[in-house]
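As structure tokens, the structure follows; a few thoughts come after it.
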Amino acid sequence: MNDDQTPSGPTGGGCPVAHAGGVTRLYGPEAATDPHDIYARLRKEYGSVAPVLLEGDVPAWLVLGYRENRRVLDNPLQFSRDSRIWRDFRDGRVEATSPLIQMVGWRPDCVSQDGEPHRRLRGAVTDNLYAVAGRGIRRHVTHFANKQIDAFADTGRADLVADFAEYLPMLVLTRVFGLAEREGRNLAESSKQVIKGGADALTHNERIMGILGELAARKRQEPGSDFTSGLIEHHAGLDEDEIVNHLRLVLITAHTTTSNLLARTLQMVLTETSWLSGLVSGQLNLSAVVEEVMWNSPPLAVLPGRFATADLELGGRPVKKGDLLVLGLAAGNHDPEVRPDIAAPVHGNASHLAFSAGPHECPGQNIGQAIIETAVDVLLHRLSGLRLAVPPAGLTSTASTWESRLDSLPVEFTV
């Protein structure tokens, strides 16, 4: 499709998806540099729900309003997570090899289903996440955080994205899953590519599935006190496909969201001197910093995906049965109807959308926060005189459809 062509909206014949003679895409060069500008422009033009194009020029509705996001997330009977009702895929307009399938396609996991099947599968995940959290998750974080810091502690300089935040959550997950530590970096890179999309997303997903399939087979023969063995032994009776797909789900989502949130938390601590001094002196709780980040820079900017179960109206837009909706978590958190003053403090307000909401709200959020709080605490105690090595305005980010990631965080410290 050429840029001067105007495609139809998600209904296949609805309102046009256009601005200034072009097409509003949530991927590509413009979306990679300034997604918030796109959200603001769409909100001004369409209101709280806007037609957009996803990778491959696949039509969808982007939900921008906070209240509209909550309506979708809280009502699975109207907005299902089951992509088997997605009309564009069902009618053959989206190939099974599309990078979008890695994010919105149906799988035998809890996020692809609603009702009783969802409750059965989610119960197995949450039970085992609670068990993992009770086995010393902070001890694992402390071990790997110190190991990461050891690699650069004598140099006086580091990039806290590449040298710390980018891989730390995955290293912790290898221990939690019962994987070899050496798998951590490859799995982190493949998880990032699956979220990023593009031509390599399918290849990286197959690599992840291969590693996790081998892990599940080994743990059936050699069970241990790990997340994988817990899924296999759970009374919900997960079959082989369900086990491997839930390992994939937790691995990708837990690592990518936690690494992103850790990098953003460190960015805020180092660019707001009052935050850093408050943490070092013990006058400020790190949870307040994390909460601020979750409002302003949620680790998933856009959440895939929901599918309308009937013709309905949302935000004044005519959503048709089988339409794909994607949830603008970052846009919803910045909705001027709920945050007229974006600079006003949000301390103690946990009603952000960063962890989703409703039946599919993230079950591992406490573990993610434990990883971040422990990692930052270790870092601040290990590195004295920690400071940014570049002006805050020099920090850059790169976005995909689903997230915006900090490119680097150069720091200096006293050796």
Side-chain angles (χ1 to χ4, degrees), residues 1 7-17 23-27 31 46 49-64 68-69 71-118 121-122 194-198 201-202 205 241-242 245-246 248-249 252-253 300-315 317-329 356-360 400-402:
M1 181 175 295
S8 299
T11 60
C15 53
V17 187
V23 178
T24 301
R25 294 183 172 96
L26 287 192
Y27 70 99
Y46 294 105
V49 178
V52 295
L53 295 177
L54 306 181
E55 191 167 359
D57 280 353
V58 174
W61 296 104
L62 173 63
V63 186
L64 298 158
E68 288 76 14
N69 269 288
R71 177 185 165 188
V72 173
L73 292 167
D74 291 338
N75 290 280
L77 292 179
Q78 289 183 314
F79 304 97
S80 174
R81 188 57 183 85
D82 190 337
S83 65
R84 290 174 294 189
I85 67 172
W86 182 15
R87 189 179 55 257
D88 284 321
F89 181 71
R90 195 184 60 218
D91 293 349
R93 289 188 288 273
V94 179
E95 298 292 334
T97 55
S98 165
L100 286 180
I101 297 300
Q102 307 310 320
M103 298 300 294
V104 304
W106 189 89
R107 295 176 183 276
D109 61 29
C110 59
V111 299
S112 294
Q113 302 179 66
D114 299 302
E116 184 52 39
H118 168 256
L121 295 171
R122 183 181 171 94
V194 168
I195 296 283
K196 182 180 179 181
L202 180 60
N205 187 72
D241 282 347
E242 290 171 338
N245 274 280
H246 281 95
R248 171 196 181 272
L249 170 67
I252 293 176
T253 56
L300 276 183
V302 176
L303 178 70
R306 298 295 188 273
F307 306 89
T309 61
D311 293 355
L312 51 85
E313 184 178 286
L314 181 69
R317 298 294 161 192
V319 178
K320 300 298 182 183
K321 181 179 180 180
D323 278 358
L324 167 62
L325 302 96
V326 293
L327 292 307
L329 306 184
S356 181
H360 289 277
S400 66
T401 299
W402 315 108

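Note that these values count all heavy atoms, side chains included, but never hydrogens, waters or copies made by symmetry. A quick note: this is a predicted structure, and the numbers were derived from the prediction, not measured.
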Requested in this report: Evaluate the side-chain proximity of Val58 to Phe89: yes if any heavy-atom separation is below 4.5 Å, no if none is.
Outcome: no
Requested in this report: Mind listing the closest non-hydrogen atom pair of Lys320 and Ala308 along with its distance?
Outcome: O-CB, 3.5 Å
Query raised in the report: At their closest point, which heavy atom of Leu73 faces which heavy atom of Leu327, and how far apart are they?
Result: CD2-CG, 4.1 Å
Query raised in the report: Under the salt bridge (charged side-chain N to carboxylate O under 4.0 Å, His left out) test, which residues partner Glu242, sequence neighbours left out?
Result: Arg120
Query raised in the report: In chain order, what residues pass the salt bridge (charged side-chain N to carboxylate O under 4.0 Å, His left out) check against Asp114, with sequence neighbours excluded?
Result: none
Requested in this report: Measure the shortest side-chain to side-chain distance between Phe79 and Asp323 over non-hydrogen atoms and say whether it is less than 4.5 angstrom.
Outcome: no
Report task. Using side-chain hydrogen bond (donor to acceptor under 3.5 Å, both in side chains) as the criterion, list what pairs up with Arg90, not counting sequence neighbours. Result -> none
Query raised in the report: For Arg93, which residues count as a salt bridge (charged side-chain N to carboxylate O under 4.0 Å, His left out) partner, sequence neighbours excluded?
Result: Asp88, Asp91
Report summary line: Separation between CD (Gln113) and CZ (Arg84), nearest 0.5 Å, reads 6.0 Å
Query raised in the report: Taking all non-hydrogen atoms of both residues, which atom of Leu303 and which atom of Trp402 are closest, and how far apart?
Result: C-CZ3, 4.3 Å
**Report entry** Check: His246 and Leu249 side chains under 4.5 Å, non-hydrogen atoms
**Finding:** yes
Query raised in the report: What distance do Arg306 atom CZ and Asn69 atom CG have between them, rounded to the nearest 0.5 Å?
Result: 10.0 Å
Requested in this report: Taking side chain to side chain contact (heavy atoms under 4.5 Å, CB included) as the test, write out the residues that go with Ile85, two or more places apart.
Outcome: Ser80, Phe307, Thr309
Requested in this report: For the residue pair Val111 and Thr253, establish whether any side-chain heavy-atom pair is separated by less than 4.5 Å.
Outcome: no
Using residues 97-104 as the side-chain source, report each donor-acceptor pair under 3.5 Å to any protein atom, sequence neighbours left out, with the distance given to one decimal.
residue, atom, partner, partner atom, Å
Ser98, OG, Leu100, N, 3.1
Gln102, OE1, Arg107, NH2, 2.9
Gln102, OE1, Asn205, ND2, 3.0

Query raised in the report: Hey, are the side chains of Leu314 and Leu325 touching, using non-hydrogen atoms and a 4.5 Å cut-off?
Result: yes
Query raised in the report: Any side-chain heavy-atom pair from Trp106 and Pro108 closer than 4.5 angstrom?
Result: yes
